[in-house]
Amino acid sequence: MKKKRILLIDDDESLRRIVEFNLTEDGYEVVSAADGITGFNLFKNENFDLVIADIRMPGMDGIDLLNRIKTISYDAIVIIITAHGTIESAIEAMKLGAFDFITKPFSKNQLSIIVKKAFEYGRLMEENRNLRRMVQDRYSFENIVGKSQSMEALYRSITRVAMVDSSVLISGESGTGKELFARAIHFNSSRAQEPFITVNCSAIPEHLFESELFGHRKGAFTGAVSDKVGKFEAADGGTIFLDEIAEIPLHLQSKILRVLQEGEIDKIGWVHPIKVDVRVISATNRKLEKLVSENKFREDLYYRLNIVPLHIPPLRERKDDIPLLADYFMRKFSERFGKVGLHLEKETFKYFEKHDWLGNVRELENTIERLVVMSQGNSIKAEDLPDNMLHPKVESEGIVGSLPKEGVALDEIERDVIRKALELNSWNQSKTASFLKISRQTLLYRMKKHKIG
């Protein structure tokens, strides 16, 4: 395992030798400098995991050195050595970004403890940075799959929206990926390093809404055994995503409006309002305009939420995206379950294109996960598909539509159905017969009867 490198900067030769010896004994690689200028030049030209510097040195003191180090590397970890008479300066160094300070005289044990804490802090910070990078990569615009015209237009919109702080209202059916788009907007905005808080408004009992959203103080009501931070307060500086916004009770909508207008929340049991800086992205699968007209949703809140409207079309309206999405989910689940190389057979995929996907992208994802889990060979065949895809149930009302009051000839309906079935199956008579649940001979007879083809 590679040794951690420590840069030790101190003009006291005796102390420097002792500290260098103790740190080397603890298993670290130590590079020493007798003054701030030399130490700073070493820092510029080499890589160090930790800097330990005295606060009082000729030429360049510890404060000046810290400022210069932070200019080059804001994440650099610096421990300041100070005497009792310079503790105020050490506190100033902490405000400027030093990790901690250690007061002379100090023992080997004290030094070991503070250095270990510094490296543990560095490890946690690196983990945090890596996690943030992973999240940002996952929710980059490139990872939102789709090439249809409607999706291309949506990409252009969210790219622009991410650059500003306006409220966004995302509409679309369940399963279209509204939260994915909300996360993409947040993690590509100036708030990306701050919290992204999701609230599923349809899952919160009505009597708990106010406490969940705005928090409460201990003893504010029966059962409030401790202070609670609400979702808006937790999202301070970042973004709050209010999923299924239409489910928020009417009497609480004015409080949401207050956050949007004043940047304030009223915490239950607190006398004074609390300032918050939160971007609001909301989503719904319902027609908010209709709810407004029925006085079930505040009109003023609707207009505040709907500064930037984004609509995600259902999957059945963008079938060009199905191959891309299917391929993406196949690779995702094949890798997850150790079935690399698994693929959908061409004949199988035709059923994907015909299916209506009423559950949208979520249904497609779940279907492919199930197929991958249950697969036994290197490919997924038509017979592996769920029954609702192989034998879709057709509502007669959906085929016939509304019948005219004056009546209609049954032969006309039969002729239209046969013609549409032939078109749907590229005029392949065998497939059309199978589609209509009749024999090929019966189909040919009826085609001749209606003079089709």
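FYI, the numbering just counts along the sequence from 1.
Looking at heavy atoms from C-beta onward, Arg316 lies in side-chain contact with Leu358 at the 4.5 angstrom threshold. Considering only heavy atoms from C-beta on, His355 stays 4.5 Å or farther from Ile322 through its side chain. By the 4.5 Å heavy-atom criterion applied to side chains, His186 and Arg279 are not counted as neighbours. A 4.5 Å side-chain heavy-atom check between Leu288 and Ile245 finds at least one atom pair inside the cut-off. With a 4.5 Å cut-off on side-chain heavy atoms, Ile265 and Arg258 do not count as touching. Side chains of Trp357 and Met389 form a contact here, defined as non-hydrogen atoms less than 4.5 Å apart. You'll find the side chain of Phe209 reaches within 4.5 Å of the side chain of Cys201, heavy atoms only. The shortest distance between side-chain heavy atoms of Met151 and Asp321 falls below 4.5 Å.
Using a distance-only test at 3.5 Å, with no hydrogens or angles considered, a donor-acceptor pair links the side chain of Asp236 to the main chain of Asp277. In terms of modelled atom types and a separation under 3.5 Å, the side chain of Asp49 and the main chain of Arg5 share a donor-acceptor contact. With hydrogens and angles disregarded, no donor-acceptor distance shorter than 3.5 Å links the side chain of Asn45 to the backbone of Leu42. A donor-acceptor pair under 3.5 Å is absent between the side-chain atoms of Thr442 and the main chain of Ile438, judged by distance alone. Side-chain N or O atoms of Ser73 include none that pairs as donor or acceptor with a backbone N or O of Lys70 at under 3.5 Å.
Taking the charged nitrogens against the carboxylate oxygens, Lys332 and Glu369 have no contact shorter than 4.0 Å, which rules out a salt bridge. At a threshold of 4.0 Å, the pair Arg362-Glu365 does not count as salt-bridged, since none of the basic side-chain nitrogens sits closer than that to a carboxylate oxygen. By the 4.0 Å N-to-carboxylate-O rule, Glu29 lies too far from Lys4 to be salt-bridged with it. Using a cutoff of 4.0 Å between basic side-chain nitrogens and carboxylate oxygens, Glu244 and Arg286 are not scored as salt-bridged. Note on Glu353 versus Lys319: no salt bridge recorded, every NZ/NE/NH1/NH2 to OD/OE distance being 4.0 Å or above.
Side-chain N/O atoms of Ser202 and Glu247 include no donor and acceptor closer than 3.5 Å.
Looking at residues two or more places apart in sequence or on another chain, you find no side chain to side chain donor-acceptor pair (under 3.5 Å) involving Thr348. Taking Tyr28 as the reference, Phe119 meet the ring-ring contact (aromatic ring centres under 6.0 Å, His included) condition, with sequence neighbours excluded. Listed by chain and residue number, Ser174 satisfy the side chain to side chain donor-acceptor pair (under 3.5 Å) test with Asn285 (two or more places apart in sequence, or in another chain). Scanning for ring-ring contact (aromatic ring centres under 6.0 Å, His included) contacts around Phe297 gives an empty result, with sequence neighbours left out.
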### Message
If you apply the rule side chain to side chain contact (heavy atoms under 4.5 Å, CB included), what do you find for Ile197 with Phe241, and how did you get there?
### Response
CA-CA 6 Å; Ile197 303 297; Phe241 175 54; over 6 Å; no
### Task
Determine, stepwise, if the pair Val417 / Leu436 fulfils side chain to side chain contact (heavy atoms under 4.5 Å, CB included).
CA-CA 9 Å; Val417 169; Leu436 292 172; 4.1 Å; yes
### Query
Would Ile380 and Met374 count as a side chain to side chain contact (heavy atoms under 4.5 Å, CB included) if you check the C-alpha gap in whole Å, the side-chain angles of each, and the deciding distance to 0.1 Å?
CA-CA 9 Å; Ile380 293 172; Met374 300 303 292; over 6 Å; no
### Task
Show your reasoning for whether salt bridge (Lys or Arg N to Asp or Glu O under 4.0 Å) applies to Glu335 and Arg331.
CA-CA 6 Å; Glu335 289 174 11; Arg331 284 187 283 108; 5.6 Å; no
### Stepwise side chain to side chain contact (heavy atoms under 4.5 Å, CB included) test for Val199 and Phe232
CA-CA 10 Å; Val199 182; Phe232 275 97; over 6 Å; no
Let me check something: any side-chain donor-acceptor pairs from residues 214-223 under 3.5 Å, sequence neighbours excluded? List them with distances.
unit_1, atom_1, unit_2, atom_2, d
His216, ND1, Ser211, OG, 2.7
His216, NE2, Ser226, O, 3.2

Can you list, pair by pair, the side-chain donor-acceptor contacts under 3.5 Å of residues 304-315, counting residues two or more places apart and other chains?
unit_1, atom_1, unit_2, atom_2, d
Asn306, ND2, Tyr302, OH, 3.3
His311, ND1, Ser171, OG, 3.0

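The 12-atom threshold is exceeded at CZ of Phe337, counting heavy atoms of other residues, nucleotides or ligands nearer than 6.0 Å. No more than 12 heavy-atom neighbours from other residues, nucleotides or ligands sit within 6.0 angstrom of NZ on Lys296.
The structure places NZ of Lys255 at 14.5 Å from CG of Leu260, a figure rounded to the nearest 0.5 Å. Here the straight-line distance linking atom CG of Asn188 with atom OG1 of Thr159 works out to 7.5 Å at 0.5 Å rounding.
For Lys354 and Tyr351, the positive end sits near the middle of the six-membered ring, less than 6.0 Å away and at most 45° from its axis. In this structure, Lys178 fails the cation-pi test against Phe181, since its NZ or CZ atom is not both closer than 6.0 Å to the six-membered ring centre and inside 45 degrees of the ring normal.
Ring pair Phe349/Phe352: centre-to-centre distance below 6.0 Å.
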